[in-house]
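None of these values were measured; they are calculated from a predicted model. Naming: A, B, ... by sequence-line order, numbering from 1 per chain.
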Amino acid sequence: MSIQQGFIASCLSRAVVEALSKTLGVERKLLEEAFETGRLKVSKPPSKSMGDYSIALHYAFKTAGVKQGDWPALAGRIIEYLNSSSFRDECFISSVEFANGYLNFHIDFTRFSRRVIEAILTGEVEGRVRSVGGGRMVVVEHTSANPVHPLHVGSGRNSVIGDTFARILSKLGFNVNRRYYVNDMGRQVAFLVYGVSILREKGVKPPSDFKPDHWYGIVYALTNLVIEERGLLRKLKSAEAEFWASLSTLLSDQAVRSILPESVVHSLQGVLGKKAFNKDTVKLVREVEDVLKGFEQALSSNESYKSLKAKAESYLKLAGEYAKTQRLIRRLAIQAPEAYTAISSSIVDPEKALAEIRGLMKKCEEEDPAVLALFHEVSKSVIDGFRETLAKLNISFDEFDWESSREILSGAHEAVRELESKPFARREEGALLVDLDAAAEHSAFVRDLFHPDKPGKFIIERSDGTTLYVTRDIAYTIYKFRKTGAEVVYNVIASEQAREQKQVKAVLYLLGYEKEAENLFHFVYELVRLKGLRMSGRRGLYYTLDELVKDYYTVVSKIYYETGRVKGGEALSGEEASRVLEDLAVANARALLLSVEPFKVLTFDPGRLEEALYGSTILYSYVRLQSILRKLKGVEPLENLREIRAGALGLSWDGYEPSEVEEELIDLLADYERVLVSSYRDLKPNRVLEYALALSNTVNKFYESHRVMGEQRSEARAFREALVVAALTVMRELVDVLGFPHVRKI
RNA sequence: GGGCCCGUCGCCUAGCCAGGAUAGGGCGCCGGCCUUCUAAGCCGGAGGCCCGGGGUUCGAAUCCCCGCGGGCCCGCCA
């Protein structure tokens with residue numbers, strides 16, 4: 001386990017650099033580099049009895065050309081140096097041993113604890129953490145889901161990762177600007193707008209008991225599905241006609257007649273006769289297949305048989321799809337009967353509907369003010385629903401940027417004009433094409449960006465003069481830098497957009513925005529997969545973020561009312577309880593969506609939420625720390641933390657030797673700064689969650705086995721009080737970063 | 001056809017970038033623990049040799065190569 005940096009780790013690195021350069025004669029600079037690159041690093045021994053920290057010397061010995069037989073002797077000299085130098089004191093070393101090529105350090109926790117606790121209580125740690133960003137402006141764009149249906153757990157993952165990352169940046173002292181890019185142009189919104197205009201014509205109003213995003217989600221899916229259903233119905237009818245025709249052909253085929261017995265021919269004719277009053281063609285098709293089954297081999301090379309078989313197959317396949325689509329429609333019709341009736345009666349000819357939608361899109365792309373306004377208006381209602389959902393999860397934005405806005409659109413045209421004159425751009429059949437392959441020949445930046453793939457080409461302006469998504473995205477990216485004066489822009493966007501993000505970055509660079517291109521980061525995250533449900537907005541199939549929170553509320557309530565409360569403790573009032581349960585639900589939802597490394601697919605089973613209660617675990621130990629201090633101090637700990645910290649600084653516990661669990665807690669607390677910085681540098685906000693969980697577990701162990709109030713020995717009581725205050729201080733920061741509500745009691 | 005990402009106990013996941021000592025957690029499973037700061041907790045147990053195969057190395061879950069499996073991308077879509 002590597003634990004670069006950190007309180008003691010950085011001190012030990014310095015100590016070992018000195019020791020090695022003195023004893024092995026290796027250049028100091030080389031050793032420092034080795035620590036920086038991780039060739040040498042501070043880690044934890046497999047067992048506590050071996051030491052608290054260790055450094056593997058294999059690499060150093062090897063580079064210095066020391067033979068394995070000479071290791072112990074040299075190690076002896078290294079240890080001698082460490083023991084006699086000031087590092088022994090500085091790094092809280094109580095003893096050093098050599099074993100198996102490792103330098104193992106035992107730490108004087110009595111002194112180390114004092115240092116760690118003081119650094120936390122005085123705000124030294126906080127201050128250092130906040131100095132990382134130095135007030136630099138950064139933009140985090142996240143969520144940016146298409147406003148055509150509610151946020152589902154997939155978009156929710158984006159929101160939580162983006163928001164947590166923004167919170168980390170903010171803790172680190174960056175000036176963070178959070179933005180949401182609303183894609184209110186294009187095909188998906190056109191479908192929704194088409195459905196909405198039908199409802200308006202028919203006077204169907206959004207019901208008041210629906211959140212707008214949920215309502216429009218149904219409208220959007222119904223529009224898609226009804227058009228699909230109509231299309232399928234047409235195909236189904238013609239497939240049916242073709243099937244009957246090919247059955248007649250078969251029956252009049254002499255070759256077939258010579259193979260089939262008269263009785264079989266008869267029953268086939270019987271089936272054919274029923275087609276006029278058919279109720280269930282699927283059944284009839286199956287009947288024909290059944291009847292012919294026994295003659296499959298005899299007929300296998302017969303053309304009319306082969307044709308019939310193919311027709312039957314394609315008919316059944318279509319019928320299956322049709323039935324499935326109908327089921328999906330029925331599902332939605334039950335939820336919104338008026339909407340269903342209106343849409344279903346208005347859409348008769350699917351071609352006509354699609355043509356009208358295309359017309360809407362065209363007008364939108366041509367920037368027809370009335371159509372743009374309509375697109376914008378509908379999108380805005382959905383976004384209002386998003387805002388509500390996100391607010392519940394403690395997620396908010398500084399700005400919503402609309403794709404249809406004047407600034408973006410004119411920026412897009414401007415980008416086109418600028419690109420037009422570039423040697424790597426050319427007109428092809430009227431459209432403007434950016435040839436990044438050509439650009440890459442002269443630009444190492446572009447080459448490296450796509451390596452080892454070919455950069456490829458892409459269209460940036462249609463032959464009719466309209467712009468595309470990527471064009472507007474280029475304009476938007478420039479806008480983000482200009483508008484905010486940001487040094488760095490992070491786009492939290494799904495991995496499927498990786499190519500488009502590279503195209504934007506490349507074009508930015510080629511347009512002369514070199515610094516911006518270099519400071520534009522695609523924060524990649526992967527999709528969410530559910531066990532037992534394939535999400536599809538177009539089909540109205542999704543597990544929404546609202547449902548996730550609601551389901552967690554149910555889970556958490558069940559635990560609260562059934563298994564909790566066994567051991568006294570003052571029960572919360574009904575109102576307080578539901579507030580707390582709501583908070584727990586939010587924490588659990590956020591934690592779940594953050595729990596996996598962003599670039600890995602997150603899979604979970606909505607039916608087994610009770611198995612993923614990371615939020616509860618963290619908040620529970622948070623509450624425990626508070627409850628100790630509440631009893632001890634007689635005040636509300638979170639409200640009086642400043643005073644409590646100051647008070648704890650005055651405590652003295654000289655000579656107290658921390659227990660193993662206490663040492664573990666100290667070690668973890670000392671690691672806070674490192675975790676926060678590394679989660680930012682490596683774009684892994686999930687590390688903060690993991691760290692918070694580890695801290696919670698240790699706090700629980702401590703809580704179980706160490707009394708604070710009941711402790712007789714005054715130095716132990718003082719130490720523990722200070723430790724609890726320090727732990728609560730760090731925990732409060734973590735709860736902030738994770739965006740959890742600051743729960744006081746459970 | 002080309003490119004990117006992922007593959008660790010029954011399930012989920014950390015470690016991989018910067019190779020080192022018995023691969024950490026969580027869920028689930030088995031067995032214990034509520035007179036003392038709330039048992040949404042704690043203690044103990046069973047369970048993995050890190051997708052497969054080669055290679056580099058004194059040493060590989062980690063680096064390289066070849067496979068296999070899964071996801072994604074290569075539109076005058078967004």
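Only the P atoms considered, B:G2 is 26 Å distant from B:G53, to the nearest whole Å. Taking atom P on both B:C11 and B:C50, the two are 16 Å apart, rounded to the nearest angstrom. Of the P atoms belonging to B:G15 and B:G59, the separation is 26 Å, rounded to the nearest Å. With both ends at atom P, the span from B:C74 to B:C65 equals 26 Å, rounded to whole Å. Atom P of B:A61 sits at a distance of 24 Å from the matching atom of B:C68, rounded to the whole Å. On the C1' atoms, B:C72 is 29 Å away from B:G48, given to the nearest whole Å. A distance of about 15 Å separates the P atoms of B:G44 and B:G24, rounded to the whole Å.
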Check the interface with nucleotides 42-46 of chain B: list each N/O to N/O pair with the protein under 3.5 Å, or write none.
none

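Residue A:Arg608 places no side-chain N or O under 4.0 Å from the OP1 or OP2 atom of B:C27. Under 4.0 angstrom from either OP1 or OP2 of B:G15 there lies at least one side-chain N or O belonging to A:Arg687. Side-chain N/O atoms of A:Lys600 include one lying less than 4.0 angstrom from OP1 or OP2 on B:A14.
Within 3.5 Å, a donor on the side chain of A:Ser54 pairs with an acceptor on the base of B:A21, or the reverse.
Using a 3.5 Å distance cut-off with no hydrogens or angles, the side chains of A:Thr467 and A:Glu461 do not pair a donor with an acceptor. Inspection of the A:His413 and A:Glu367 side chains reveals an N or O donor paired with an N or O acceptor under 3.5 Å.
Residue A:Lys684 is in sugar-phosphate contact alone, with no base atom involved, counting any heavy-atom pair closer than 4.0 Å across all strands shown. A:Phe604 comes within 4.0 angstrom of no nucleic acid atom, judged by non-hydrogen atoms across all strands. Contacts of A:Met185 with the nucleic acid, taken as non-hydrogen atoms under 4.0 Å apart, involve only primed sugar atoms and P, OP1 or OP2. Backbone-only engagement by A:Pro452 is indicated by non-hydrogen atom pairs under 4.0 Å involving sugar-phosphate atoms exclusively. Using a 4.0 Å heavy-atom distance criterion, A:Val596 is classed as a sugar-phosphate-only contact. Counting non-hydrogen atoms under 4.0 angstrom, A:Asn104 reaches a base of the nucleic acid. Residue contacts for A:Ser47: at a heavy-atom cut-off of 4.0 Å it reaches a base atom on one of the strands shown. Among the atoms of the strands shown, only primed sugar atoms or phosphate atoms (P, OP1, OP2) are found under 4.0 Å from some heavy atom of A:Lys531. As judged by a 4.0 angstrom heavy-atom cut-off over every strand, A:Phe458 is placed among residues making no nucleic acid contact. Counting non-hydrogen atoms under 4.0 angstrom, A:Phe599 reaches the backbone sugars and phosphates but no base. Residue A:Val470 is classed as having no contact, given no heavy-atom separation below 4.0 Å to the nucleic acid. The residue A:Leu619 sits apart from the nucleic acid: no heavy atom pair falls under 4.0 Å. If you check every strand for non-hydrogen atoms under 4.0 Å, A:Asp473 touches nothing.
With a glycosidic angle more than 90° from 0, B:C51 adopts the anti conformation.
Using a cutoff of 4.0 Å between basic side-chain nitrogens and carboxylate oxygens, A:Arg608 and A:Glu611 are scored as salt-bridged.
Cation-pi geometry between A:Lys558 and A:Tyr553 is not satisfied (NZ or CZ under 6.0 Å from the ring centre, within 45° of the ring normal).
The ring-ring contact (aromatic ring centres under 6.0 Å, His included) contacts involving residues 591-613 of chain A comprise nothing, where partners must be two or more places apart or lie in separate chains. Pairs passing the salt bridge (charged side-chain N to carboxylate O under 4.0 Å, His left out) check and including a residue from residues 584-596 of chain A, sequence neighbours excluded, read A:Asp163-A:Arg590.
Relative to the side chain of A:Arg39, the nucleotides B:G19, B:A40, B:A78 differ in distance, and B:G19 lies closest. Looking at the side chain of A:Pro46, the nearest of the listed nucleotides B:A40, B:G7, B:U22 is B:U22. Ranking B:A40, B:A78, B:G26 by closeness to the A:Tyr614 side chain, first place goes to B:G26.
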Checklist entry - In B/S/- notation, 5' to 3', how is nucleotides 71-77 of chain B contacted by protein heavy atoms closer than 4.0 Å? => result SSS--BS
Checklist entry - Could you write nucleotides 55-66 of chain B as a row of B, S and -, 5' to 3', where a protein heavy atom under 4.0 Å of any base atom gives B, of only sugar-phosphate atoms gives S, and otherwise -? => result ---B--------
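Applying the ring pair (Phe, Tyr, Trp, His ring centres under 6.0 Å) test to A:Phe702 and every residue at least two apart in sequence or in another chain returns A:His706. Residues that satisfy the salt bridge (Lys or Arg N to Asp or Glu O under 4.0 Å) test with A:Arg187, not counting sequence neighbours, are absent from this structure. Scanning for side chain to side chain contact (heavy atoms under 4.5 Å, CB included) contacts around A:Val675 gives A:Asp671, A:Tyr691, with sequence neighbours left out. Under the side chain to side chain contact (heavy atoms under 4.5 Å, CB included) criterion, A:Ala355 pairs with A:Arg358, not counting sequence neighbours. In this structure A:Glu636 satisfies the salt bridge (Lys or Arg N to Asp or Glu O under 4.0 Å) test together with A:Arg630, sequence neighbours excluded. A:Ser405 meets the side chain to side chain contact (heavy atoms under 4.5 Å, CB included) test with A:Trp402, A:Glu407, A:Ile408; sequence neighbours excluded.
Side-chain N or O atoms of A:Thr164 include one that pairs as donor or acceptor with a backbone N or O of A:Val160 at under 3.5 Å. For A:Ser54 (side chain) and A:Asn104 (main-chain N/O), no donor-acceptor pair under 3.5 Å exists by modelled atom type.
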Item to check | Strand RNA chain B in bracket notation, Watson-Crick/G-U under 3.5 Å with | for pairs to another chain | outcome: (((((((..((((......[...)))).(((((.......))))).....(((((..]....))))))))))))....
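Residues A:Ala440 and A:Val446 share a closest heavy-atom pair of CB-CG1, 4.0 Å.
Both geometric conditions, a ring-centre gap below 5.5 Å and a plane tilt below 30°, are not fulfilled together for A:Tyr703 over the base of B:G41.
Side-chain contact check for A:Leu354 versus A:Tyr194: every heavy-atom pair is 4.5 Å or farther apart.
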